[in-house]
**Q** 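The structure is given below, and queries will be raised subsequently.
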Amino acid sequence: MIDRFQADAAQAAIPRHDARLLTDSGNLAEIELDGQVYTLRITKAGKLILTK
């Protein structure tokens with residue numbers, strides 16, 4: 001059984017990025033992957049949408 005400390009340590013290995021920082025406090029950001037550009041959008045309801 002994994003205790004809480006071990007679970008927190010395991011999650012820390014996954015990079016986490018603040019969407020508000022990615023969008024420079026706006027609601028849109030472009031993200032590039034292997035030459036393809038994706039748009040990250042924060043909706044008025046506070047949800048994230050990633051489109052190609």
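Bear in mind the structure is a predicted one, so any value in this text is a computation, not a measurement.
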**Q** In residues 44-52, what donor-acceptor pairs under 3.5 Å come from side-chain atoms, sequence neighbours left out?
**A**
none

**Q** Please list every donor-acceptor pair under 3.5 Å in which a side-chain atom of residues 19-27 meets a protein atom from a residue at least two apart or in another chain.
**A**
{"residue": "Thr23", "atom": "OG1", "partner": "Ala19", "partner atom": "O", "Å": "3.1"}
{"residue": "Thr23", "atom": "OG1", "partner": "Arg20", "partner atom": "O", "Å": "3.2"}
{"residue": "Thr23", "atom": "OG1", "partner": "Gly26", "partner atom": "O", "Å": "3.1"}

**Q** Please tabulate, one pair per line, all N/O donor-acceptor pairs under 3.5 Å involving side-chain atoms of residues 31-41, not counting sequence neighbours.
**A**
none

